[in-house]
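Below is one structure, written out as structure tokens; the observations come after it.
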Amino acid sequence: MEHSIAADLLAWYDRAARTLPWRAPPGAAPPDPYRVWLSEVMLQQTTTVHAAPYYARFLALWPTVEALAAAPEAAVMAEWAGLGYYARARNLIACARAVAERGGFPDTEAELRELPGLGAYTAAAVAAIAFGRPAAAIDANVERVVARLFAIEEPLPAARKAIRAATEAIVPPARPGDFAQAMMDLGATVCTPRSPKCLLCPLSTHCRGRLTGDPARLPIKAPKKLRPLRAGTAFWIEKDGAVWLVRRAGKGMLGGMRALPDDGWSARADGSGEAPISGAWRAGGLVRHTFTHFDLELGVALYAGERWDDLGEGEWWPADEIEAAGLPTLFAKAARLAIL
DNA sequence: TTCCTGAAAA
DNA sequence: TTTTCAGGAA
């Protein structure tokens, strides 16, 4: 009974698999582990459409894990700009260096799990896709598919144990990598969050959620809490066509990224409003930006004074090449306002 | 609990 | 236009 779920899913995958830049066709030899790992890290909390151009650029710049390990940190962070969750980029570098050091990727789920930036999901995905291990790669797509398939009524996150057990029971010994990718494709294209296309689903005859009449309500999620609104200011300081940029602290919000100087706003408190240098300022507009756990209203202040000493650590960057600075989206928005 | 962003829905 | 939502690691 259970084994036919995998068989039906794989038969569907053989004709309906999405073609993605990092993926081997169904049944083909697995791609280079480096490519599998790079794509999976980029796909953490990120859609395939958004990640694809980043994947192509990274691969062109750094075709091997050794090349990435040898890359300057600042260059990697700048290439990551706009993808979000910048701890992933810091972990990417640390992981590349660890892997280069030990002479290649380990080929078991447990060893992969030890590397920086590889949690339960990514370790299982790389083990299955790159090394053919029968590991259960459970991302949000798989969670949704399995919760519906077995009509798991318990709300998330408590349901994770039951979902894991159910998933492990249907992972096939043959083609576990294709199985993992098929589950993700099914979740992304058929068993979608809002209006699942049950009529097109290769698993509809197995699906107990469908018998309840309304599979779309699964998985049940715990209610989310509302986001506070914070206020802050970013400072645009220009001199002879160049802008003053700083490097943010290595950890925390937008950690390690190039940025405009600001007044210290955070998730927990508004900024002080204090400018990094004294002199006249004029208003450059307001940027609204939403983070996971708070909304931010960032005022942009434009320097109108004429004393540029006492700026501290930072660098002058040509204002007309600000796109190339690798600013995270929040500051890219602020820069766009300032340049108008 | 702390980390971002862009697409989709309202 | 504004709001909601999708998507894992530490």
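All chains are named by letter (A, B, ...) in the order of the sequence lines, taking the proteins before the strands, and each is independently numbered beginning at 1.
Between Leu118(A) and Gln45(A), the residue anchored closer to the 5' end of DNA chain C is Gln45(A), taking for each the nucleotide with the nearest heavy atom.
Among residue pairs with one or both ends in residues 229-253 of chain A, those qualifying as salt bridge (Lys or Arg N to Asp or Glu O under 4.0 Å) are Arg248(A)-Asp262(A); sequence neighbours excluded.
Using a 30° and 60° split on the angle between ring planes, Trp37(A) and Tyr34(A) fall in the tilted class, from 30° to 60°. The aromatic rings of Phe331(A) and Trp265(A) are tilted relative to each other, their planes meeting at an angle between 30° and 60°.
Contacts of residues 322-335 of chain A with DNA chain B (heavy atom under 4.0 Å): Pro328(A), Thr329(A), Leu330(A). Only Arg194(A), listed by number, bring a heavy atom of residues 180-197 of chain A to less than 4.0 angstrom from any atom of DNA chain B.
Contacts of Arg144(A) with the nucleic acid, taken as non-hydrogen atoms under 4.0 Å apart, involve only primed sugar atoms and P, OP1 or OP2. Thr47(A) comes within 4.0 angstrom of no nucleic acid atom, judged by non-hydrogen atoms across all strands. Nucleic acid contact for Tyr121(A): sugar-phosphate only, since backbone atoms but no base atoms lie under 4.0 Å from a heavy atom of the residue.
The distance from atom CG of Leu43(A) to atom P of dA9(C) is 11 Å, rounded to the nearest whole Å. Arg227(A) has its CZ atom 10 Å from the P atom of dC5(C), to the nearest Å. In this structure, Tyr54(A) atom OH and dG7(C) atom P are separated by 19 Å, rounded to whole Å. One atom, CG of Leu226(A), and another, C1' of dT3(C), lie 13 Å apart when rounded to the nearest Å. Between Glu114(A) atom CD and dA10(C) atom C1' there is a gap of 13 Å when expressed in whole angstrom units. dG8(C) atom P lies 17 Å from atom CG of Leu112(A), rounded to whole Å. One can place CD1 of Ile138(A) at 12 Å from P of dG8(C), the figure rounded to the nearest angstrom. One atom, CZ of Arg88(A), and another, P of dG8(C), lie 10 Å apart when rounded to the nearest Å.
Using a 4.5 Å heavy-atom cutoff, the side chains of Asp107(A) and Arg133(A) are in contact. Inter-residue side-chain proximity for Leu186(A) and Asn141(A) is flagged as unmet; no heavy-atom pair is nearer than 4.5 Å. Contact check for Ile220(A) versus Leu218(A): side-chain heavy atoms found under the 4.5 Å cut-off.
Tyr54(A) meets the ring pair (Phe, Tyr, Trp, His ring centres under 6.0 Å) test with His50(A); sequence neighbours excluded. Listed by chain and residue number, Ala24(A), Val36(A) satisfy the side-chain contact (heavy atoms from CB on, under 4.5 Å) test with Pro31(A) (two or more places apart in sequence, or in another chain).
If you look at Tyr303(A) and Trp236(A), their ring centroids are not closer than 6.0 Å.
Phosphate proximity of dA10(C) to Lys251(A): absent, as no side-chain N or O sits under 4.0 Å from OP1 or OP2. Of the side-chain N and O atoms in Arg90(A), none sit less than 4.0 angstrom from OP1 or OP2 of dA9(C). Taking 4.0 angstrom as the limit, Asn91(A) places none of its side-chain polar atoms (N or O) nearer than this to OP1 or OP2 of dA9(C).
Closest to the Ala140(A) side chain, of the nucleotides dT4(C), dG8(C), dA9(C), is dG8(C).
Proximity of a side-chain donor or acceptor of Ser4(A) to a complementary backbone N or O of Ala7(A) within less than 3.5 Å is not detected.
Within 6.0 Å of atom CD in Glu274(A), 12 or fewer heavy atoms from other residues, nucleotides or ligands are found, so the atom counts as exposed in its surroundings.
Chain A approaches DNA chain B within less than 4.0 angstrom (heavy atoms of the protein), and the contacting nucleotides run 5' to 3' from dT2(B) to dA9(B).
Hydrophobic clustering (ILVMFWY, side-chain heavy atoms < 4.5 Å, transitive): Leu330(A) and Leu286(A) are in distinct clusters.
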